[in-house]
Amino acid sequence: MNKQLMYGTYAIGEAAIQAGCTCYFGYPITPQNELPEYMSRRLLEVPGGVFIQAESELAAINMVLGASVAGARVMTSSSSPGISLKQEGISFLAGSELPAVIVNIVRGGPGLGNIAPAQSDYFQATRGGGHGDYKTIVLAPASVQEMADLTFLAFDLSDQYRMPALILGDGMLGQIMEPVVIPARKKKKLPEKDYILTGARGRPARLVKSLILDTRQMEDHNWKLVRKFQRVKQNETRWESFLLEDAEMVVIAYGTAARIAKGSINRLKKEDPDIKIGMIRPITLSPFPEKIIRETAGKVSDFFVFEMSTGQMVEDVKLSLEGRGTVHFYGRPGGVSPTPAEVARIMARHYPQSKSTGKK
Amino acid sequence: MNKQLMYGTYAIGEAAIQAGCTCYFGYPITPQNELPEYMSRRLLEVPGGVFIQAESELAAINMVLGASVAGARVMTSSSSPGISLKQEGISFLAGSELPAVIVNIVRGGPGLGNIAPAQSDYFQATRGGGHGDYKTIVLAPASVQEMADLTFLAFDLSDQYRMPALILGDGMLGQIMEPVVIPARKKKKLPEKDYILTGARGRPARLVKSLILDTRQMEDHNWKLVRKFQRVKQNETRWESFLLEDAEMVVIAYGTAARIAKGSINRLKKEDPDIKIGMIRPITLSPFPEKIIRETAGKVSDFFVFEMSTGQMVEDVKLSLEGRGTVHFYGRPGGVSPTPAEVARIMARHYPQSKSTGKK
Amino acid sequence: MLIKTMFSGFGGQGVLSTGQTLAKAAMLENKHVTYLPSYGAEVRGGTANCTVTISDKDIASPIASEPEFVVALNQPSFFRFQNLLRAGGFLLYNSSLVKPASVRGDIETLGIPSTGLAADLGNVRVSNMVILGAFIRISNLISLKLLLKNLPDILGPGKLRLLEINKKAFQAGYNYIKE
Amino acid sequence: MLIKTMFSGFGGQGVLSTGQTLAKAAMLENKHVTYLPSYGAEVRGGTANCTVTISDKDIASPIASEPEFVVALNQPSFFRFQNLLRAGGFLLYNSSLVKPASVRGDIETLGIPSTGLAADLGNVRVSNMVILGAFIRISNLISLKLLLKNLPDILGPGKLRLLEINKKAFQAGYNYIKE
Amino acid sequence: MKKVYSRPKSLKKVPMHYCPGCGHSIIHRLIAELLDEMSLRETAICVPPAGCAVLAYNYLDIDMVEAPHGRATAVATGIKRVRPDNMVFSYQGDGDLAAIGTAETLHTANRGELISVIFVNNAIYGMTGGQMAPTTLAGQITTTSPSGRNTKTEGPPIRVCELLSTLENTTYLERVAVNSPANIKKTKKAIKKAFQHQQKKTGFSLVEILSSCPTNWKMDPLKSCRWIDEIMVKEFPLGVIKEVKC
Amino acid sequence: MKKVYSRPKSLKKVPMHYCPGCGHSIIHRLIAELLDEMSLRETAICVPPAGCAVLAYNYLDIDMVEAPHGRATAVATGIKRVRPDNMVFSYQGDGDLAAIGTAETLHTANRGELISVIFVNNAIYGMTGGQMAPTTLAGQITTTSPSGRNTKTEGPPIRVCELLSTLENTTYLERVAVNSPANIKKTKKAIKKAFQHQQKKTGFSLVEILSSCPTNWKMDPLKSCRWIDEIMVKEFPLGVIKEVKC
Amino acid sequence: MKGKILIDKQFCKGCRYCVEFCPKGAIRLSTALNSKGYSFAEFDEKKSCTGCATCALMCPETAIEVYRE
Amino acid sequence: MKGKILIDKQFCKGCRYCVEFCPKGAIRLSTALNSKGYSFAEFDEKKSCTGCATCALMCPETAIEVYRE
Ligand SMILES: Cc1ncc(C[n+]2csc(CCOP(=O)(O)OP(=O)(O)O)c2C)c(N)n1
Ligand SMILES: Cc1ncc(C[n+]2csc(CCOP(=O)(O)OP(=O)(O)O)c2C)c(N)n1
Ligand code: SF4
Ligand code: SF4
Ligand code: SF4
Ligand code: SF4
Ligand code: SF4
Ligand code: SF4
Ligand SMILES: [Mg+2]
Ligand SMILES: [Mg+2]
């Protein structure tokens with residue numbers, strides 16, 4: 001497909017269609033309404049395409065469960081309050097080992113909050129806002145192109161590991177248009193869906209559930225999910241690094257915050273070419289790229305975490321480092337998107353004194 | 001009141017009544033049904049008492065919001081899946097700065113899971129399973145007596161700081177009977193509820209909400225919530241320690257797991273009086289008693305975390321230590337309650353070799 | 001001292017109230033005590049059981065891992081729960097309903113025809129209290145005298161009319177062992 | 001090079017499509033570009049605005065902090081958004097609707113009677129494209145020639161019937177500045 | 001000359017954020033007039049929804065608490081049970097009340113909570129930009145029903161008053177509209193009746209108000225008033241659907 | 001002698017966990033008989049609820065997926081839309097369908113999803129130990145209505161069939177009972193009809209089955225059968241509530 | 001018509017439905033208990049069972065098989 | 001009866017309700033715009049306004065005050 005100027009939400013939608021998604025269930029909420037709207041039009045054109053505007057987010061996530069167990073590639077999307085309502089369903093999907101792609105275009109919170117871009121649902125996404133021991137895959141795009149690319153990835157990973165995959169965007173990424181190329185689907189070899197319900201024709205009846213009354217079996221199931229997630233961690237952890245080689249300080253940020261931070265680094269470099277700031281941008285927030293961060297700690301002592309929240313991912317950075325470096329944090333919650341200039345100012349303040357150049 | 005043999009759920013219920021709780025809204029779910037059942041009987045006897053079996057957990061948490069903003073002391077309770085459904089409401093309560101006491105008698109998860117005691121909702125409780133930047137107070141009783149005592153505390157803290165307070169129990173604590181004395185309420189001096197809705201008679205109209213469209217204001221609100229929680233942390237962090245003085249290894253566990261762990265320590269001590277294992281039992285899981293743990297790290301190098309989950313609080317222990325000690329973890333998820341003997345075996349295995357006595 | 005006892009039988013046999021009676025009696029003797037009923041989907045009309053732990057110190061875990069005693073009021077419990085007993089443990093059963101077949105070698109067992117004895121007292125429903133009387137004699141965990149003294153408190157105002165028949169039941173069980 | 005432009009006006013004035021047209025044209029010249037509409041509860045029938053960022057490198061932040069250009073199609077936008085402009089920035093406005101009162105001293109301003117010019121073309125609705133033509137001339141961000149060439153692609157198949165009138169509008173605006 | 005109409009006291013003197021011709025604005029005014037006329041300003045507590053009316057607290061000068069989307073009647077239940085002497089009402093859109101809030105609406109009505117519901121039916125999701133609502137008409141095009149609502153797969157529009165009328169504890173249910181002077185007068189009377197039912201503690205009261213959303217209907221305001229008359233009332237007949245003696 | 005009745009093939013030969021005399025067991029058997037007789041075993045997909053019937057998958061030998069409490073019709077919707085040729089039905093209790101699942105029930109019915117719902121009304125929350133259900137009768141004592149359901153504050157029992165009958169896309173709604181041989185025969189016919197409506201794609205079908213819960217009603221099984229006849233049917237009259245031509 | 005029934009006593013939970021509804025009074029409850037502790041239903045061969053299957057229709061446990069000549 | 005009205009032109013959003021529903025045709029829309037960019041309603045003193053308040057009843061913005069003799 002050609003390069004197009006596309007909304008982030010449309011890029012997700014079109015990538016989903018190209019990835020073979022035939023079902024979408026959702027409920028309107030700003031700032032992601034353009035995604036269900038797009039799907040309502042596009043799925044009319046897809047053979048067997050199903051679009052339902054559900055009566056609520058609860059209904060939507062459970063329709064997702066139904067379509068998934070029936071074997072379809074299925075997606076839902078919402079924004080913060082709506083995602084809170086889906087937590088029970090996500091826990092059920094994880095417990096029942098069902099694939100599904102769930103998009104959260106995060107807005108300011110808590111409560112009704114506002115509709116500006118925020119990153120305050122990191123904990124909910126990565127720690128399981130739902131009950132029980134489970135993890136999901138969480139992907140964090142930083143551009144419209146990546147919204148498309150990670151949507152393909154989300155469907156594949158979700159099917160491959162039989163677990164829900166979340167795409168954690170924010171109001172900014174949901175609303176902007178950028179040039180994007182929607183690639184054709186590269187068909188990955190994925191395990192056959194031998195668990196789906198089709199009617200017990202010529203085979204024993206199948207059962208998909210999360211109820212396991214026997215505590216020993218339940219424990220086994222829990223550890224199985226842990227092991228599965230460890231495999232995901234081993235094989236699927238993704239990040240982007242930038243100017244890491246000779247960095248004196250490393251910035252860690254994701255999504256829109258990472259774009260801003262990159263702009264800040266470039267600014268500082270322009271002002272002072274000797275300044276050496278690198279960056280690690282987690283692309284998978286869960287599994288978190290802790291290995292690269294820990295490795296970097298051998299060479300760098302200062303880490304600067306920037307989030308559009310009061311500080312959530314910073315815990316994962318600290319858990320990765322386990323005391324092996326100084327962690328500085330800058331947060332702008334509530335829907336504020338600071339300018340690269342502002343973040344650059346704060347970054348410079350934390351740049352290791354002894355190593356700062358020029359002004360020594 | 002005299003000593004009585006009481007169910008954990010009844011102890012919460014009676015303590016709530018004594019603490020001045022006049023409203024309960026809930027929806028049945030095992031293993032905590034005895035609490036709403038108790039409240040349905042007891043609130044008939046309380047002047048102005050309100051008991052509603054809501055049509056769902058969602059309705060229940062929002063009735064709680066209504067009763068709270070109307071000025072009542074109000075409680076709801078549920079177990080894991082039901083608590084997931086309440087996450088949007090909890091986020092609204094936190095955002096609107098409304099007090100409420102929310103009881104989670106945790107069961108095995110994820111999904112429908114089972115009804116056996118588990119500790120797998122720690123992340124959800126302490127990291128905000130709901131969307132947005134907020135924290136709640138989380139109290140973890142380890143006995144029926146403490147279920148009563150912490151219920152009093154939960155109401156007071158919730159009113160004092162205008163934030164929801166969670167009581168995180170488990171199926172074991174919910175089901176057992178133990179001797180308990182329900183004390184009379186000690187009336188604490190609490191701030192006047194000058195925000196509640198009573199009709200705008202003789203004063204300007206009041207407004208309680210979480211919508212803040214202006215992002216700067218929203219950010220201020222977010223940081224205000226952070227500062228408030230820091231005050232809670234400073235003033236209200238609670239834990240119990242046990243044999244900490246000369247410990248060579250420190251066990252960290254809460255709730256039912258802490259009881260089991262204490263039994264394990266006692267067993268090991270009986271077998272070998274020279275063995276020196278101490279314990280820290282967090283009573284407030286949020287705020288987490290990180291200071292005492294960090295301080296202990298000066299004297300002790302080995303920490304043994306035991307949870308009835310695949311490992312959640314262990315992250316808070318690591319965050320407290322920031323690399324200042326070795327953290328061993330033992331987890332039994334899915335509703336399994338191991339015996340003190342079993343946990344003792346694992347503990348002994350991790351007891352620092354050089355320091356182990358006798359068998360040297 | 002930390003002793004766990006599991007009571008088990010059909011739902012209707014008063015298994016849970018037997019356990020609660022023991023637990024309350026122990027509490028009134030100022031012992032540490034926990035009472036844990038079993039529950040769960042599988043209970044539907046099936047068996048019920050509960051565990052009473054009595055100790056002179058804090059009780060770490062209220063669950064019945066390796067109890068010292070099992071009191072089995074019916075056949076399925078007799079089979080199922082003897083396996084839980086620690087080596088050297090004691091299995092007391094209602095010999096009116098239980099055939100004591102295939103028993104582990106490393107435990108003690110004793111049958112008492114509690115349904116029969118209760119019938120003799122004119123009320124088969126106190127069969128559970130008969131066996132509790134016997135249990136008290138065997139276990140020596142609490143004092144029968146104090147139990148009888150505290151019985152009005154234990155039964156509570158609602159059940160005072162059952163005071164006498166319960167007393168008789170305890171004594172019948174207690175004395176059955178004496179003989 | 002990284003240039004931000006904010007377009008603003010009433011909901012019905014085609015503010016958003018003006019921005020999108022610029023963004024698409026820039027994309028087709030292989031520039032880096034982002035388009036960010038404003039949205040929100042306060043939009044209800046009020047003003048609309050959007051920000052187009054054009055650069056030859058990755059764009060860090062698509063939001064209109066200190067834009068280089070503001071294009072104001074109505075009076076409220078003229079007042080409100082001139083404050084956003086960076087010092088030395090440029091404020092282009094529709095002088096058919098805007099009275100250029102109380103202007104900051106550190107910016108350049110220029111009015112163009114785009115509604116009037118559009119009316120001359122026989123369709124006031126292309127007033128926004130007239131002003132875009134003028135903007136292209138002033139900003140030099142994209143080439144008018146390429147825009148006109150790419151116009152069918154930019155409009156898309158649904159709006160091809162508007163091709164000619166749009167072309168005329170661009171040229172009218174562009175030429176107005178030339179004169 | 002005597003002033004015969006001026007702004008009610010309970011309506012704050014600030015411009016509203018609603019689009020030109022939006023029915024919400026008219027309904028706000030009617031409520032404010034009644035708060036004044038019935039002397040309710042000092043006892044009223046309103047629960048506005050998530051929906052275009054989410055900012056109602058900027059306009060009505062009474063105590064208010066914001067509910068999560070769909071949960072206004074549950075919140076109102078909590079308030080009313082604690083403060084039975086206050087006049088408690090919720091103000092809800094069709095998405096709020098009849099989609100996500102279906103369970104709360106039905107069960108609050110069934111319990112016969114002594115609250116009043118002002119239900120603004122504009123056949124669309126206004127606030128989020130014109131998606132299909134549970135009350136969207138057959139064939140109506142919205143941003144999520146691009147080829148028109150298909151009643152075979154998306155169901156016909158839900159008639160809230162009729163549905164609730166089967167519940168014993170609902171005591172006053174009327175459907176009105178704010179598209180003409182006569183209808184606006186009836187609307188005011190209906191809201192007054194609902195408040196009176198609450199005062200007399202007869203049961204649950206609800207006024208369904210057909211209200212225009214020119215923006216999302218993509219009509220000018222006058223056309224949307226006509227559309228209510230010509231199209232909408234066919235699906236949603238006006239009148240008292242249920243009333244028990246007060 | 002010829003075998004004239006034996007266990008249906010679709011009913012696995014394992015003892016059920018239900019209490020003695022529980023209606024769920026009878027209903028399971030009827031479904032299994034129909035799966036056999038209508039040759040549906042290979043196309044049927046069942047969505048059991050959270051409720052006493054949560055373990056239905058242990059008994060019915062067909063494909064099944066467990067839904068969260070109250071969400072069975074949403075799950076069934078997802079399945080049916082993907083697999084329109086399968087026979088998709090949910091099996092739900094009164095708490096599941098008419099309390100927490102109210103919104104899903106109503107909207108699934110309104111959309112006219114081509115599924116069938118087996119709705120087991122035992123006027124109580126069986127699984128969780130006898131709390132008040134939306135269908136609990138006036139005055140009925142439960143563990144959370146210790147002085148009997150007060151219809152003034154807790155509302156009267158909800159009549160699901162009557163409520164749904166007002167929705168256009170519901171095409172078959174019948175209320176039956178499993179408390180006597182004659183009623184059980186009618187129940188089987190009703191379930192068959194529902195499945196046929198699904199096969200003919202007429203719309204949403206639901207069979208409400210009055211079913212005893214001796215345990216939580218605290219009655220012996222026979223008494224509970226009589227209670228259905230003497231008390232329960234007064235509130236929940238038996239019969240076809242709605243049927244469109246199939 | 002002549003019939004007989006077979007009752008699987010391990011499945012029976014003694015609900016008495018078959019006992020109550022058998023038009024011929026051909027079923028009674030045992031005094032013995034099955035392994036789950038229930039008195040179970042017993043067929044009385046001496047009564048004139050018609051093989052009408054009413055008992056099987058009522059039986060919640062599907063414990064009854066019916067035979068007819 | 002004789003009446004007159006006062007229109008707050010800054011509140012007016014030009015919806016035309018008053019214009020359409022005034023029985024006396026006493027209101028028209030301005031060609032000028034208010035600060036929010038709306039054509040606003042103007043009272044035509046020359047028409048025989050009766051002070052019937054229909055315009056105020058319809059006005060969504062409560063922009064109209066009505067006076068009557
Ligand atoms: C849980 C949740 N889901 C979705 C939303 C987004 N939302 C806000 S208002 C609304 C619907 C608005 O429609 P309606 O209730 O009809 O009110 P109107 O704006 O038409 O007056 C929606 C879907 C939300 N705020 N919270
Ligand atoms: C979200 C959630 N809330 C509550 C429960 C607990 N729960 C399980 S079944 C049930 C109700 C059972 O009643 P009903 O639906 O009438 O089925 P029955 O057991 O009577 O057949 C409840 C409340 C749950 N599993 N999940
Ligand atoms: S979108 Fe519709 S309902 Fe919302 S303010 Fe505008 S006209 Fe009114
Ligand atoms: S509790 Fe009631 S519904 Fe559940 S199995 Fe027992 S009798 Fe049946
Ligand atoms: S088949 Fe008929 S007659 Fe024979 S035992 Fe059964 S019910 Fe009685
Ligand atoms: S109906 Fe079935 S379960 Fe009941 S007594 Fe007869 S055989 Fe036993
Ligand atoms: S008061 Fe009546 S006559 Fe006068 S302007 Fe208003 S509507 Fe017209
Ligand atoms: S009705 Fe009000 S808002 Fe509308 S045009 Fe008249 S004065 Fe203006
Ligand atoms: Mg609406
Ligand atoms: Mg039920």
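Just so it is clear, the structure is predicted and the values come from calculations on it, not from any experiment. Atom set for the values below is all heavy atoms of this structure, side chains included, hydrogens, waters and symmetry mates excluded. We name chains A, B, ... by the order of the sequence lines, and we start the count at 1 in each one.
A salt bridge between F:E104 and F:R71 is present, with a side-chain N of the basic residue lying under 4.0 Å from a carboxylate O of the acidic one. Remark: F:D63 engages A:R203 in a salt bridge, criterion side-chain N to carboxylate O under 4.0 Å. A salt bridge between A:R42 and A:E45 is present, with a side-chain N of the basic residue lying under 4.0 Å from a carboxylate O of the acidic one. In this structure, F:E33 pairs ionically with F:R29, as a charged nitrogen and a carboxylate oxygen lie closer than 4.0 Å.
In terms of modelled atom types and a separation under 3.5 Å, the side chain of F:H197 and the main chain of F:K193 share no donor-acceptor contact.
When heavy atoms are compared at a cutoff of 4.5 Å, F:D61 approaches chain A by way of both its backbone and its side chain. Only the side chain of F:I45 comes within contact range of chain A, with heavy atoms under 4.5 Å apart. Contact annotation for A:I61: neither backbone nor side-chain heavy atoms come within less than 4.5 Å of a heavy atom of chain F. With a 4.5 Å cut-off on non-hydrogen atoms, F:R81 touches chain A through its backbone and its side chain both. A:S210 touches chain F through backbone and side chain together, each having a heavy atom under 4.5 Å away. For F:A44, the part lying near chain A is the backbone, with the side chain staying farther off; criterion is any non-hydrogen pair under 4.5 Å. Using a 4.5 Å cut-off between heavy atoms, F:T43 touches chain A through backbone and side chain atoms alike.
When each of F:A74, F:C46, F:A103 is scored by its heavy-atom pairs under 4.5 Å with chain A, the top score falls to F:A74. Of the listed residues A:T22, A:L207, A:V50, the one with more heavy-atom pairs under 4.5 angstrom with chain F than any other is A:L207. Your options are F:H107, F:R41, F:R83, and the one with the most heavy-atom pairs under 4.5 Å with chain A is F:R83.
Atom CG of residue A:D214 and atom NE2 of residue A:H221 lie 13.0 Å apart, to the nearest 0.5 angstrom.
Judged by distance alone, the side chains of A:E88 and F:H69 never bring a donor and an acceptor atom under 3.5 Å apart.
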